[in-house]
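Below you'll find the structure, written out as structure tokens, and then a few comments.
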Amino acid sequence: MDCCAPEVKLAPTDNKIPRVALIGQPNTGKSMLYNRITGASAYVGNWPGITVSLSNARVKLGGREVEFVDLPGIYDLEGFSDDETVVANFLKAYPVDLVIVVVNASQIDRQILMPLQVRLLGLPAVVMLNMADEARKAGIEIDPAALSARLGVPVHLISAKYGHGFADAMVSVSAALDGRAGTKPVFANYESLRGTLMTEETLAETLHGAVAYPHEPPKTITDRLDRWLLHPILGLPIFFAVMLGVFYIVWSIGLPSQDWVGAVTDWIQSSILEPVLSLGPSWLQNFVINGIWLGVATVASFVPLIMLFFFCMAVVEDSGYLSRAAYLMDTWMRRLGLDGRAFVMQMMGFGCNVPALMGTRVMRSRPLRLLSMLIIPFSLCSARLAVFVFIISAVFSPVQGPLVLFSLYVISFVAAFLAAAIFSRSKQFKSTEPFVLELPPYRVPTLRQVWLRGFGELREFLHRATSFIILGTMGVWFLTNFPVDAEGLDTWGGQIGRFLQPVMAPIGIDPYLTLALIFGFIAKEVVIGSLATIYAMSAGLVAQHIATTVSPAAAYSFCLFCLLYTPCLTTVATAKAESRSWGFMFFSLAISLVYAWLVAFVFYQSALLLGFK
């Protein structure tokens, strides 16, 4: 799923295009299979609860156009969580020609319920036992023909990750659609499902004779790694060491890439834009160069760094390691009124806060959802990462840089946990919902997975950049160039910055940085672009100017405020949509703004008292 879920446009119910829905429990590789079928780049990760809205695409299959719809992962078709409701509402409102039920072959005893429920719904289906390679390594033997006879639908052993068995399975899907030619698509019959009692004996009888388990499960690399990575004492230090390593990689490899991109954008400006614009009026050159180009070029210089960060996070996530982090954090999170899922969603927020907020749909308890949604915007998202790298690289030494950046990552957790500890005491946020998390085996992500994830996140970053950065920098240019003949703090933007100085000066933020933060409310990427516009300089010159005018204490205070203050407009809109409450939205906005100022104030004033400037 893309960072900000696109609007899903489904074919009308009388359309002749066949519709195939993908259904399965979380972490069965359903979205990975969807990507392989459609060539799309739905969000794929090695933990439960990734897909929380619908993704759809039309592709050619067997000489016909077919619409495939990827539904959220759910544990029970009769469940009541928000994501389970999404699936139920879809199947009631939109008829389907076929359902692909994706089952984790290594957990078939716990997931056979889903194919049986689909059959009771009266939906034509094909069952795909994914991760068949992992089942074989675990010594599990499955007879797909015998299981097909029990279920009354085709059953295939596949590996969506490597493509094993995929071609034959898709031939079966095409054949099933051929067999339904001329037949109307089917609505789910939930009355039939509710009228049938599904017992453990029923599930066992379905698998008897078709699935054989080893007498003693073989020892796996997962077991050996978990001895250390899930260690009650060493587990969390190892996790934070891994994340520190990620930031070191991003800093040491990604930061030099800015110079390469900067050289290209400088050449475009000097060799193309300026000669062409010199033929027109001076105000047009000023507007295009300072109002649009410098902001866009500054953000563009961070594209390689952001992409590297996404690639690194894709490796960590898809390996299955973050599920372990959630498990390790669960005991601590429960003391704060949360559970391990909230930690998972906060980790998702490092890419973008939007899917993390949507991911809270896996929680049935509304108080738990609201508390999780309250702290998720404190995650150090990719847009803030670009801002921090820019400021830190300008003010701090190359040796200090990665440590300073990592400290902000740690503070994002501490700030979220502190807020949760405070607000969990309120009745509005109290919850007793149990936490159940499946720990998947460790997996080596394929290059295709890492590329799809990294490129998908980058594409969304660029989409936000092109839609918000240009508008934001144009707004900054307007405020810093009017009234005509005014300069510096006498412009409208300067006047706004001076007006807010009684509030911002105690936290070490000058009028120019204040104006950048105001426009950062649109999108945090705008902060970097607006700095280039405010100072009317290229990224390199802005960095030099900040290095000489902003102290390390003030720079860190600025980063703290940017980390915790009001999230971007897209995040705010998502919080409103997911909470279904204007009151909660405004409450979260007020809390983040006050919280950011207090944290920055305590740090900056303490630094001054200790003699740091």
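- Side chains of Pro124 and Val186 form a contact here, defined as non-hydrogen atoms less than 4.5 Å apart.
- Using a 4.5 Å cut-off on side-chain heavy atoms (C-beta onward), Pro115 and Val103 make contact.
- Distance alone, capped at 3.5 Å, places no donor-acceptor pair between the Ser372 side chain and the Ala342 backbone.
- Scanning both residues, Phe343 and Ala325, for their nearest heavy atoms gives CE2-CB, 3.4 Å.
- Under the 4.5 Å side-chain criterion, counting only non-hydrogen atoms from C-beta, Tyr75 is not in contact with Leu113.
- For Arg369, the salt bridge (charged side-chain N to carboxylate O under 4.0 Å, His left out) partners two or more places apart in sequence, or in a different chain, are Asp82, Glu578.
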Kindly indicate, with the supporting measurements, whether the criterion side chain to side chain contact (heavy atoms under 4.5 Å, CB included) is fulfilled by Leu385 and Phe302. CA-CA 9 Å; Leu385 176 65; Phe302 285 89; over 6 Å; no
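- One finds the CG atom of Leu61 at 4.5 Å from the OG atom of Ser174 (value rounded to the nearest 0.5 Å).
- Scanning for side chain to side chain contact (heavy atoms under 4.5 Å, CB included) contacts around Thr28 gives Gln25, Lys30, Val102, Asn104, Gln111, with sequence neighbours left out.
- For Ile221, the CD1 atom sits in a loose shell: 12 or fewer heavy atoms of surrounding residues, nucleotides or ligands are nearer than 6.0 Å.
- Scanning both residues, Leu357 and Ala575, for their nearest heavy atoms gives CD1-N, 4.0 Å.
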When the side chains of residues 305-315 are checked against the rest of the protein, which donor-acceptor pairs come out under 3.5 Å, sequence neighbours left out?
none

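- Considering every non-hydrogen atom in both Tyr34 and Phe68, the closest pair reads CE1-O, 3.6 Å.
- Residues satisfying the side-chain hydrogen bond (donor to acceptor under 3.5 Å, both in side chains) test with Thr183, not counting sequence neighbours, are none.
- Using a 4.5 Å cut-off on side-chain heavy atoms (C-beta onward), Phe90 and Val96 make contact.
- Between Met114 and Val127 there is no side-chain heavy-atom pair separated by less than 4.5 Å.
- Judged purely by atom type and a 3.5 angstrom limit, Thr206 uses its side chain to pair as donor or acceptor with the backbone of Thr202.
- A donor-acceptor pair is defined here as one N or O able to donate and one able to accept, closer than 3.5 Å; such a pair exists between the side chain of Thr473 and the backbone of Ile470.
- Residues forming a side-chain hydrogen bond (donor to acceptor under 3.5 Å, both in side chains) with Glu201 (at least two apart in sequence, or on another chain): Thr199.
- Every residue two or more places apart in sequence or in another chain that forms a side chain to side chain contact (heavy atoms under 4.5 Å, CB included) with Val211 is listed here: Ile108, Ile140, Ile142, Leu207, Tyr213.
- Qualifying side chain to side chain contact (heavy atoms under 4.5 Å, CB included) partners for Trp260, counting only residues two or more places apart in sequence or in other chains: Ser257.
- Atom-to-atom distance recorded for Leu123:CG and Gln117:CD is 11.5 Å, nearest 0.5 angstrom.
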Show me the side-chain donor-acceptor pairs of residues 158-167 shorter than 3.5 Å, one per line, residues at least two apart or across chains.
from	atom 1	to	atom 2	distance (Å)
Ser159	OG	Tyr162	N	3.3
Lys161	NZ	Val444	O	2.5

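- Of all heavy-atom pairs spanning Pro214 and Gly139, the tightest one is CD-O, 3.1 Å.
- A distance of 4.5 Å separates CD1 in Ile37 from CD1 in Ile100, rounded to the nearest 0.5 Å.
- Taking CZ from Arg19 and CG from Leu177, the interatomic distance works out to 12.5 Å, rounded to the nearest 0.5 Å.
- For Asp226, the salt bridge (charged side-chain N to carboxylate O under 4.0 Å, His left out) partners at least two apart in sequence or on another chain are Arg324.
- For the atom pair CG (Leu71) and OH (Tyr94), the distance works out to 11.5 Å, reported to the nearest 0.5 Å.
- Residues passing the salt bridge (charged side-chain N to carboxylate O under 4.0 Å, His left out) test with Arg110 are Glu438, sequence neighbours excluded.
- When atom types are taken as modelled, the side chain of Arg366 and the backbone of Ser579 share a donor-acceptor pair closer than 3.5 angstrom.
- Taking the side chain as every heavy atom from C-beta outward, Met170 and Met128 approach each other to under 4.5 Å.
- Here the closest non-hydrogen pair linking Asn353 and Cys381 is ND2-CB, 4.0 Å.
- Not counting sequence neighbours, the partners of Asp223 by the side-chain hydrogen bond (donor to acceptor under 3.5 Å, both in side chains) test are Thr220.
- No side-chain heavy atom of Leu121 sits under 4.5 Å from any side-chain heavy atom of Asn189.
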Begin with the C-alpha distance, continue with both residues' side-chain angles, and end with the deciding distance and a verdict on side chain to side chain contact (heavy atoms under 4.5 Å, CB included) for Val101 and Val153. CA-CA 10 Å; Val101 186; Val153 298; over 6 Å; no
Determine, step by step, whether Thr360 and Ile376 satisfy the side chain to side chain contact (heavy atoms under 4.5 Å, CB included) criterion, reporting the C-alpha distance in whole Å, the side-chain angles of both residues, the deciding distance to 0.1 Å, and the verdict. CA-CA 10 Å; Thr360 60; Ile376 283 171; 3.7 Å; yes
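- Contact detail for Leu255 and Gln258: the closest heavy-atom pair is CD1-OE1, 2.5 Å.
- Sorted by first and then second residue, the pairs that involve residues 124-148 and meet side-chain hydrogen bond (donor to acceptor under 3.5 Å, both in side chains), not counting sequence neighbours, are Glu134-Arg443.
- In this structure, Cys568 SG and Lys524 NZ are separated by 6.0 Å, a value rounded to the nearest 0.5 Å.
- A heavy-atom distance below 4.5 Å is found between the side chains of Pro567 and Val572.
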Kindly determine whether Ile268 and Trp293 satisfy side chain to side chain contact (heavy atoms under 4.5 Å, CB included), including the steps that lead there. CA-CA 10 Å; Ile268 294 175; Trp293 175 251; 3.8 Å; yes
